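Fair warning: this is a prediction, and the values are worked out from it, not measured in the lab. The basis for the numbers below is simple: all heavy atoms, side chains too, and nothing from hydrogens, waters or symmetry mates.
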Amino acid sequence: MLDSLGLSTAEEALYQTLIEVSPITAADLERLAGPQAALCARLQELGLVTRLPEDPPRYAAVAPSMGLDTLISARSRALTAARGRIAGLSAAFHRAGTERDAAGLVEVVIGRQAVNDRFEQLQRETHRSIRVFDAPPYAGVIGENAREFDLLARGVNYRVLYDRKAMELPGALTVVTDYITAGEQARVGEVPMKLVLNDRPTAIVPLRHDLHLVESALVVHDPTLLEALGALFEMNWQRAVPLGVRQGQARLPEERSPADAHEDLLPLLISGLTDAAIGAQLGWSVRTVRRRVQAMMVQLDAQTRFQAGYQAVLRGWLR
């Protein structure tokens, strides 16, 4: 309880004992609580115990209102001095910061584990919002970002723009469904680069990657670069198509009155997924996908898939 004033548990216990039984001789105290000479000396140094000049000498506790208040005052003075020292160090830090070149505002992180660690750190340091460009390849395993669920539960706003290629990965829609259900705002569209940007603000972007793994990244602190990355995100976010959850599965905006299989086909088609990816999500063969796309185009009197999407919007098939 009094460790903040510099007292150990043993010293506090002895002080409590002396308050209850003092004045007491060293011999009586030893019979009561065991050898206490060293602790008594320490309490004398702290001004909590006084040694009465008797024969044999006795120890008496100093009133807490006097002894402990003295310790509190000493700690307050020490904290005031520490604050002054912190202010001096902060001033020196900012002076040094103005002399750093641009390279000091961008860190290079090498190694898959190091990239994952910095991503975890970025999330932990977030207070209000995170913006993400999500696209393969991944430094970790898609769907294993448990930290996001914790932050969503705390009210942190996640906006994630998924690249269409990410949606083609096996199980991707199931993973995205879990995130959306937890509160993530998700859209699908063209992603120019991988990006994670929080409100600290700090950003992480890949430095380079091969076909399978992210092995290095840039951690960006420079305000000018961060502002540009934020603007890039917002521009692409506005162009992307929102994802929602319908019938337990992440979907693009629901249709209002399409016929037959168009209810599941049209949102995936509008998102730009390939026939193979659509077939994988709906459990159809590529041949079945193409046949049903063609039937829908005939129904919409469209010559191209783009025209089909446009007509679907005009007819109210999509919100």
Counterpart residues, side-chain contact (heavy atoms from CB on, under 4.5 Å), relative to Thr304 (two or more places apart):
Phe306, Gln307
Give, for atom CE of Met296 and atom CD of Gln294, the distance between the pair rounded to the nearest 0.5 Å.
9.5 Å
Between Val196 and Ile130, is any pair of side-chain heavy atoms under 4.5 Å apart?
yes
Checking Leu232 now: which residues fulfil side-chain contact (heavy atoms from CB on, under 4.5 Å) with it, not counting sequence neighbours?
Phe133, Pro192, Met193, Met235, Asn236
Please check if any side-chain donor atom of Asp117 sits under 3.5 Å from a side-chain acceptor atom of Gln113, or the reverse.
yes
Any chance you could measure Ile204, atom CD1, to Asn198, atom CG, to the nearest 0.5 Å?
8.5 Å
Approximate separation, where rounding is to 0.5 Å, of Glu227 CD and Asp222 CG
10.0 Å
Closest heavy-atom pair, Asp178 versus Phe149, reported as atoms and distance to 0.1 Å, is O-CE2, 3.6 Å
Please list, chain by chain and in numerical order, all residues satisfying salt bridge (Lys or Arg N to Asp or Glu O under 4.0 Å) with Arg200, sequence neighbours excluded.
Glu125
Within-4.5 Å side-chain heavy-atom neighbours: Gln121 and Val219
no
Heavy-atom pair with the smallest gap, counting every atom of Ser216 and Ile110
CB-CD1, 3.8 Å
If you look at every heavy atom in Ser129 and Asp199, which pair is closest and at what distance?
N-OD2, 2.8 Å
Considering all heavy atoms of both residues, which atom of Val109 and which atom of Ala114 are nearest to each other, and what is their separation?
CG1-CB, 3.4 Å
If I take atom OG1 from residue Thr80 and atom CZ from residue Arg77, how far apart are they, to the nearest 0.5 angstrom?
9.5 Å
Heavy-atom nearest pair, Pro206 first then Lys194, reads CD-O, 3.2 Å
Interatomic distance, Asn145 atom CG to Tyr158 atom OH [nearest 0.5 angstrom]
5.5 Å
Of Val160, Leu197, Leu195, the one forming a side-chain contact (heavy atoms from CB on, under 4.5 Å) with Val132 is Val160
Residue set satisfying salt bridge (Lys or Arg N to Asp or Glu O under 4.0 Å) with Glu234, at least two apart, ordered chain then number -> Arg131, Arg159
Are Asn116 and Glu120 close enough, and set up right, to give a side chain to side chain contact (heavy atoms under 4.5 Å, CB included), and what steps lead you there?
CA-CA 6 Å; Asn116 282 332; Glu120 275 290 306; 5.9 Å; no
Could you give the distance from CZ (Phe233) to CD (Gln238), rounded to the nearest 0.5 Å?
9.5 Å
Considering non-hydrogen atoms only, spot the tightest contact between Gln185 and Asn157 and give its length.
NE2-ND2, 2.5 Å
In this structure, would Leu273 and Val286 fall into the same cluster of hydrophobic residues linked by side-chain contacts under 4.5 Å?
no
Apply salt bridge (Lys or Arg N to Asp or Glu O under 4.0 Å) to Arg118 and list each qualifying residue two or more places apart in sequence or on a separate chain.
Glu107
So, using salt bridge (Lys or Arg N to Asp or Glu O under 4.0 Å) as the criterion, who are the partners of Arg305 when residues are at least two apart?
Asp275
